Protein chains: 4
Amino acid sequence: MVRMPAVNSQPRRARSGNQRDEAARLAVLHAADDLLVEHGFAKLTIEAIAREAGVAKQTIYRWWPSKVEILLDTLIEDSEKRFAVPADKSSVDGIRGYFRGYARFVTRDPAGKVLLALIAEAQHNPETAKSLHDRYLGPRRELERALLARGIEAGEVSTELDLDAAIDAVVGPIVYRALTGASVPRALVDALFDGQLKP
Amino acid sequence: MVRMPAVNSQPRRARSGNQRDEAARLAVLHAADDLLVEHGFAKLTIEAIAREAGVAKQTIYRWWPSKVEILLDTLIEDSEKRFAVPADKSSVDGIRGYFRGYARFVTRDPAGKVLLALIAEAQHNPETAKSLHDRYLGPRRELERALLARGIEAGEVSTELDLDAAIDAVVGPIVYRALTGASVPRALVDALFDGQLKP
Amino acid sequence: MVRMPAVNSQPRRARSGNQRDEAARLAVLHAADDLLVEHGFAKLTIEAIAREAGVAKQTIYRWWPSKVEILLDTLIEDSEKRFAVPADKSSVDGIRGYFRGYARFVTRDPAGKVLLALIAEAQHNPETAKSLHDRYLGPRRELERALLARGIEAGEVSTELDLDAAIDAVVGPIVYRALTGASVPRALVDALFDGQLKP
Amino acid sequence: MVRMPAVNSQPRRARSGNQRDEAARLAVLHAADDLLVEHGFAKLTIEAIAREAGVAKQTIYRWWPSKVEILLDTLIEDSEKRFAVPADKSSVDGIRGYFRGYARFVTRDPAGKVLLALIAEAQHNPETAKSLHDRYLGPRRELERALLARGIEAGEVSTELDLDAAIDAVVGPIVYRALTGASVPRALVDALFDGQLKP
DNA sequence: GTATAACCGAGACGGTACGTCCGGTCTTCCA
DNA sequence: TGGAAGACCGGACGTACCGTCTCGGTTATAC
């Protein structure tokens with residue numbers, strides 16, 4: 001899905017002077033997303049994003065310290081939309097549904113590529129690792145722990161592991177198979193879930 | 001462990017003219033390893049390897065199509081030494097020991113960083129993904145499947161999943177926690193193992 | 001002589017709303033002058049002037065088409081103060097004194113650096129050349145020609161060249177030596193003067 | 001006179017490996033010269049030179065510390081060809097001829113623009129000033145002094161000034177008029193010459 | 001009195017060029 | 001023929017300014 005860089009349908013809302021240009025912000029996020037999905041992380045350069053978004057390089061550097069932060073912005077927005085951690089549920093089905101959504105996200109949703117790319121980049125770059133944890137993995141894990149805690153308290157699930165380990169026992173195989181290009185069928189998610197969080 | 005780039009103790013055995021220079025090959029492998037461990041993948045450039053190894057760039061390009069293949073060479077050598085897949089055993093303890101070794105390798109052995117870096121780089125680059133599977137993950141998985149198959153046949157272990165899924169159920173969390181900087185205590189490995197491969 | 005950019009002793013007289021802010025105008029001229037003298041023309045950017053003057057870039061662009069015009073403004077003001085072309089005299093001493101003043105200005109007066117910089121910039125940029133001639137060199141030369149003409153008419157000086165050539169015969173070496181970093185001692189001015197405008 | 005960047009008549013002599021590529025060197029010098037003459041110093045950027053010469057920027061930076069040194073290289077070569085300081089003559093006519101050649105060079109020869117541009121740039125940049133003196137003005141002035149000294153010793157010319165001042169008295173007006181866009185007719189050169197170096 | 005218009009500081013924006021780094025190719029010369 | 005050396009073209013990096021623009025606020029003049 002390529003967006004035309006120059007001419008937009010509504011001719012780019014008059015720039016807002018002193019304030020940040022929301023159109024430019026969105027153009028950058030979309031360009032980064034598109035480029036990652038279509039050409040991969042290796043081709044994802046700041047110059048390419050600027051070109052694709054029809055934006056000056058300086059505009060990118062003004063607002064993001066690195067391309068990783070751009071991807072994090074899109075990831076945070078997208079994953080909230082596509083597989084939010086349920087904030088209220090505590091039923092087995094609700095929790096299992098969450099992990100199914102996780103598997104779907106990282107294996108089939110284009111936005112899931114962003115997460116895999118960031119986990120990868122975190123291996124190459126400590127600052128990426130820190131940002132990824134501080135802005136994405138950490139907060140999300142917090143919600144996941146709360147979800148599980150509610151489920152346990154409600155007697156819907158149980159585990160012999162600590163919460164983090166239990167989550168990793170399900171999420172780990174999902175992510176690992178996504179990273180190695182293997183599929184993650186729903187039945188596998190369910191088996192992993194039942195193996196560690198049996199009622 | 002830094003190696004001196006230029007001057008070696010014994011002034012580099014007279015070059016062998018016609019045949020491949022084994023000293024150069026080793027110097028490249030060690031330089032790549034050192035640089036990865038000390039400065040990370042991001043700083044691991046062909047030029048840096050050549051500099052560190054005291055070798056011409058052309059010599060590297062002559063023998064390796066990319067830096068990824070260099071790392072694969074070191075990874076294959078190292079992981080065979082440090083945690084080979086047992087080719088004969090089929091006892092529970094033998095299999096469990098293998099997974100314990102896996103966890104130790106990726107979380108505590110410097111050579112384990114190479115594996116994590118290659119899994120990461122495979123996300124950025126399809127050719128890396130192919131090489132990593134063809135030369136490392138694939139063959140290794142073959143041996144792991146055989147190991148498990150022997151264990152099952154001997155009645156030492158059992159699983160309701162197919163062999164690959166069962167292995168991923170144990171290896172996945174280990175690798176995922178290594179990738180995200182979490183520890184992988186022996187007790188966790190054992191719990192994962194017991195969860196999916198109970199006798 | 002550095003001026004404080006931000007906070008002035010008397011907190012910048014309340015802005016004059018509708019009318020041009022004289023304080024801003026002076027701040028720009030002084031900033032340009034200071035920056036040229038202290039850091040050279042290469043560092044004299046519109047942004048630096050704005051920064052140093054505590055003024056918005058737009059305020060500069062509103063009143064001056066380029067930094068060259070700013071320098072011309074300061075040059076015209078300064079050189080009128082420091083070595084005005086005598087409008088009345090016609091004695092040998094008066095005329096000789098003018099050329100001595102010229103030499104002093106371009107070799108020892110900081111404001112003289114502005115003239116040299118503008119002559120230089122005129123080589124790089126035709127618009128600068130035009131402005132420099134129209135606003136400075138032309139009018140000034142007009143006065144110099146008149147000065148000489150009065151001297152000749154009064155029998156105080158004489159030359160075999162046309163007026164412009166005679167002036168250039170004296171001014172040329174002065175400026176050339178200033179441009180090449182050589183000194184221009186008073187005795188040299190006198191010798192040049194006597195050589196072309198002997199009584 | 002634009003040179004085609006890509007396809008040359010003789011298809012760019014096979015690059016010479018370890019040694020400096022003479023074709024690239026010449027392409028850079030010519031490109032710089034062409035761009036200066038056609039578009040002026042302001043448009044003379046390293047990127048434009050690289051583009052025009054069909055050369056990588058790094059190749060320029062490898063051999064020249066700045067574009068000024070490129071121009072100095074062309075200036076030194078060109079001015080040796082177009083108006084060398086006579087190394088043997090000492091006759092009045094020989095010396096006068098030299099100054100006539102000087103005037104022709106700076107007012108009518110495209111290569112003369114390079115000298116004017118460098119004198120100009122020297123006002124903006126102390127390093128340019130140093131290079132211009134060390135590599136061009138200084139050595140050349142040495143030869144000019146020797147030329148005059150021979151003329152004086154032979155009784156062909158004489159002056160009351162020191163040698164440098166005498167040369168500046170002739171060269172100064174020539175250069176100043178060139179800088180200000182005025183013409184320098186042969187008669188004016190002769191008059192300047194006769195005024196300071198009368199026999 | 002209030003509206004209008006021009007001023008001002010601030011700073012975001014699309015661009016261009018900077019000087020550096022590395023990729024991957026090529027050629028020379030030596031052993 | 002292999003290897004050290006390093007020049008070459010290409011392209012991305014992150015930074016500095018360019019000149020244009022709009023914002024929000026102030027103040028003098030016009031209605």
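It should be emphasised that the depicted structure is a prediction, and the values quoted were computed from it without experimental measurement. Below, read A as the first sequence line, B as the second, and so on, with proteins coming before strands; counting in each chain starts at 1. The figures that follow rest on heavy atoms only: side chains count, while hydrogens, waters and symmetry mates do not.
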Rounding to an integer number of Å, can you tell me how far [X] [atom1] sits from [N] [atom2]?
| X | N | atom1 | atom2 | result |
| --- | --- | --- | --- | --- |
| A:Asn18 | E:dC8 | CG | P | 17 Å |
| B:Ile49 | F:dA4 | CD1 | C1' | 17 Å |
| C:Phe41 | F:dC17 | CZ | C1' | 14 Å |
| C:Arg51 | F:dC18 | CZ | C1' | 13 Å |
| C:Trp64 | F:dG19 | CH2 | P | 15 Å |
| A:Asp21 | F:dC23 | CG | C1' | 13 Å |
| C:Lys57 | E:dC13 | NZ | P | 13 Å |
| B:Ile70 | E:dG23 | CD1 | C1' | 13 Å |

Report task. Measure the spacing between OG of D:Ser131 and CG of D:Leu71 and express it to the nearest 0.5 Å. Result -> 11.5 Å

**Report entry** Reported CD-to-CG distance for the pair D:Gln123 and D:Leu132, which is rounded to 0.5 angstrom
**Finding:** 9.5 Å

Nearest of [options] to any side-chain atom of [X]?
| X | options | answer |
| --- | --- | --- |
| C:Gln58 | F:dT20, F:dC18, E:dT25 | F:dT20 |
| D:Ala56 | E:dG9, F:dC9, F:dA4 | F:dC9 |
| A:Tyr61 | E:dG14, E:dA17, F:dC13 | F:dC13 |
| A:Ile46 | F:dC17, F:dC13, E:dC22 | F:dC13 |

Query raised in the report: Between B:Pro65 and A:Glu47, which is nearer to the 5' end of DNA chain E once each is assigned its nearest nucleotide?
Result: A:Glu47

Requested in this report: Find which nucleotide of DNA chain E each of D:Leu44 and B:Leu44 is nearest to by heavy atoms, and output the residue with the more 5' nucleotide.
Outcome: D:Leu44

Query - Cation-pi geometry met for C:Lys67 and C:Phe41 (6.0 Å, 45°) - result: yes

Query raised in the report: Within 45° of the six-membered ring axis of B:Trp63 and under 6.0 Å from that ring's centre, is NZ or CZ of B:Arg25 located there?
Result: no

If you compare every side-chain N and O of [X] against the phosphate oxygens of [N] (OP1, OP2), does one of them come in below 4.0 Å?
| X | N | value |
| --- | --- | --- |
| D:Thr59 | F:dC9 | yes |
| B:Arg62 | F:dG2 | no |
| D:Trp63 | F:dA7 | no |

Report task. Show your working on salt bridge (charged side-chain N to carboxylate O under 4.0 Å, His left out) between D:Lys43 and D:Glu38 and close with a plain yes or no. Result -> CA-CA 9 Å; D:Lys43 295 283 182 63; D:Glu38 286 175 29; over 6 Å; no

